[in-house]
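This one's a predicted model, so the numbers in the text were calculated from it and none came from an experiment. Read the numbers this way: they start at 1 and go in the same order the structure lists the ligands and their atoms.
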Amino acid sequence: MDNSNIARQEAIELDNQDKLAHFKQEFYIGDETLYMDGNSLGLLSKRAEETLLTSLEDWKHHAIEGWTDGEQPWYYMSEKLGEMTAPLIGAKKEEVINTGSITTNLHQLLATFFKPEGKKTKILADTLNFPSDIYALKSQLRLHGLDPEEHLIQVPSDDGRTLDEDTIIELMNNDVALLLLPSVLYRSGQLLDIKKLTEAAHEKGIIVGFDLAHSIGALPHELHEWEVDFAVWCTYKYLNSGPGGVGGLFVHEKHLGQAPGLAGWFSSRKDKQFDMDHTLIPAETAGAFQIGTPHILSSAPLIGSLKIFEEAGIENIRKKSLQQTEFMMKLIEQELDGFGFTIANPRENKRRGGHVSLEHDEAARICKALKEKHIIPDFRSPNVIRLAPIALYVSYEDIFEVVMHLKEIMEKQSYKKFENERGIIA
Ligand SMILES: Cc1ncc(COP(=O)(O)O)c(C=O)c1O
Ligand SMILES: Nc1c(O)cccc1C(=O)C[C@H](N)C(=O)O
């Protein structure tokens with residue numbers, strides 16, 4: 001048996017032993033498709049579809065009464081989702097609410113927690129974060145009359161892929177008021193040491209926020225115990241809530257009870273909201289950081305999806321995900337040697353998230369060649385192919401197939417018929 005046949009055998013055995021394998025049947029995907037892009041948009045599950053349809057039924061049968069009656073009362077849905085999400089991030093239920101999007105939630109929490117005072121006027125971030133977060137930071141600085149050129153410090157990266165925690169800590173000066181970092185970097189998949197960074201920042205009196213877009217649903221967190229001040233995330237990636245699915249936010253218990261920077265009537269204590277008083281009485285939970293009416297139809301699928309996470313268990317998901325990415329990297333090294341690929345994510349388990357980051361000079365057109373074969377990766381400029389073997393719906397045999405197709409594309413140079421430029425999204 002040659003090495004690739006041994007690997008196929010190994011994949012079959014791993015699938016046979018996999019206690020999460022049965023969840024794959026719950027997700028919709030074409031028979032021919034190998035979906036490796038769940039880190040950008042997760043797949044629809046039957047349970048998410050069901051809870052979305054339930055909300056439509058509630059609307060159909062209850063009209064306005066759906067806010068409190070119906071099967072999934074809309075007035076309490078954001079809180080219910082917060083409670084269901086709490087175990088995924090190590091939070092108390094009061095600390096979590098589903099609302100908005102990453103960027104709007106970030107604006108809300110910056111408006112609440114970024115309070116430049118005296119010499120403490122700077123925000124510390126990094127050079128590798130997703131652009132939307134940086135845009136939000138710069139616009140919040142401008143709203144305070146502060147020039148981002150001077151007041152936004154972005155930690156550099158030595159290799160253009162990863163960040164060094166000690167370098168971040170060195171930049172935590174006394175003039176820094178707030179630190180914002182991604183938990184997992186969207187390109188390289190590096191997982192930062194949230195606990196260590198939070199502790200170091202607190203020693204300098206710095207408020208700490210994390211963007212969990214690329215870690216929530218992929219790995220466990222202990223936000224309450226680590227005393228992270230706030231966090232934001234989306235639910236359309238690993239949490240499979242659908243395009244434009246509701247975002248989420250965490251505010252540590254120690255900050256609850258304070259008024260939101262951006263107030264609206266949904267910031268209210270729920271029993272007071274319909275008093276319609278012009279003086280806001282904010283909720284004493286993370287619910288206070290909501291603003292307006294929740295987007296029920298973009299929230300409802302998450303109920304069904306989170307039930308899957310309750311059943312599967314985030315520790316089991318992480319365990320499988322690490323084994324899957326390890327298997328994928330091993331196969332890439334074995335089968336794609338000499339084709340010009342570089343594995344750009346850190347190799348240690350505690351330093352990587354849920355996707356493999358492959359660099360190649362021809363990455364954009366290799367992605368197009370993969371898509372021609374019904375394999376869905378994504379491309380991130382300038383040279384990254386992201387491959388996310390999602391624990392809930394990707395099998396080890398799928399991973400084997402993906403790498404073997406990639407090998408064929410490289411051997412036959414079939415990527416050369418495409419332009420080496422990205423499509424609209426990837
Ligand atoms: C790290 C990160 N932050 C922010 C965003 C954008 O968030 P949203 O469009 O949900 O506001 C994304 C992905 O779209 C992301 O990956
Ligand atoms: N949020 C997205 C969207 O609205 C359209 C297309 C893609 C996305 C994404 O989530 C991109 C993703 N955050 C990334 O890491 O590239």
Taking the basic N atoms (NZ, or NE/NH1/NH2) and the acidic carboxylate oxygens, is any pair closer than 4.0 Å for [X] and [Y]?
| X | Y | value |
| --- | --- | --- |
| Arg365 | Glu372 | no |
| Arg161 | Glu359 | yes |
| Lys407 | Glu335 | yes |

Review point. How would you list, by chain and number, every residue that makes a side-chain contact (heavy atoms from CB on, under 4.5 Å) with Gln258, sequence neighbours excluded?
Key: Thr112, Phe113, Lys115, His255
Check your understanding: Name the residues with a heavy atom less than 4.0 Å from ligand 1?
Key -> Ser101, Ile102, Thr103, Phe130, Asp133, Asp211, Ala213, His214, Tyr236, Lys237
Study note, to complete from the structure: When Glu222, Glu253, Glu83 are each screened for salt bridge (charged side-chain N to carboxylate O under 4.0 Å, His left out) with Lys92, the one that passes is Glu253
Review point. Quick one: ring-ring contact (aromatic ring centres under 6.0 Å, His included) pairs with a partner in residues 137-168, sequence neighbours left out?
Key: Phe114-His144
Review point. Under 6.0 Å from the CD atom of Glu348, do we count more than 12 heavy atoms belonging to anything else shown?
Key: yes
Exercise for review: Take atom CG of Asp166 as the centre, draw a 6.0 Å sphere, and report whether it contains more than 12 heavy atoms from other residues, nucleotides or ligands.
Suggested key: yes
What does the contact table look like for ligand 2 (nitrogen or oxygen on each side, cut-off under 3.5 Å)?
{"unit_1": "ligand 2", "atom_1": "1 (N)", "unit_2": "Tyr236", "atom_2": "OH", "d": "3.1"}
{"unit_1": "ligand 2", "atom_1": "10 (O)", "unit_2": "Lys237", "atom_2": "NZ", "d": "2.8"}
{"unit_1": "ligand 2", "atom_1": "13 (N)", "unit_2": "Lys237", "atom_2": "NZ", "d": "2.4"}
{"unit_1": "ligand 2", "atom_1": "15 (O)", "unit_2": "His214", "atom_2": "NE2", "d": "3.1"}
{"unit_1": "ligand 2", "atom_1": "15 (O)", "unit_2": "Arg386", "atom_2": "NH1", "d": "2.9"}
{"unit_1": "ligand 2", "atom_1": "15 (O)", "unit_2": "Arg386", "atom_2": "NH2", "d": "3.4"}
{"unit_1": "ligand 2", "atom_1": "16 (O)", "unit_2": "Arg380", "atom_2": "NE", "d": "2.7"}
{"unit_1": "ligand 2", "atom_1": "16 (O)", "unit_2": "Arg380", "atom_2": "NH2", "d": "2.9"}
{"unit_1": "ligand 2", "atom_1": "16 (O)", "unit_2": "Arg386", "atom_2": "NH2", "d": "3.0"}

Review point. Which residue, Phe27, Tyr28, Tyr238, forms the ring pair (Phe, Tyr, Trp, His ring centres under 6.0 Å) with Tyr393?
Key: Phe27
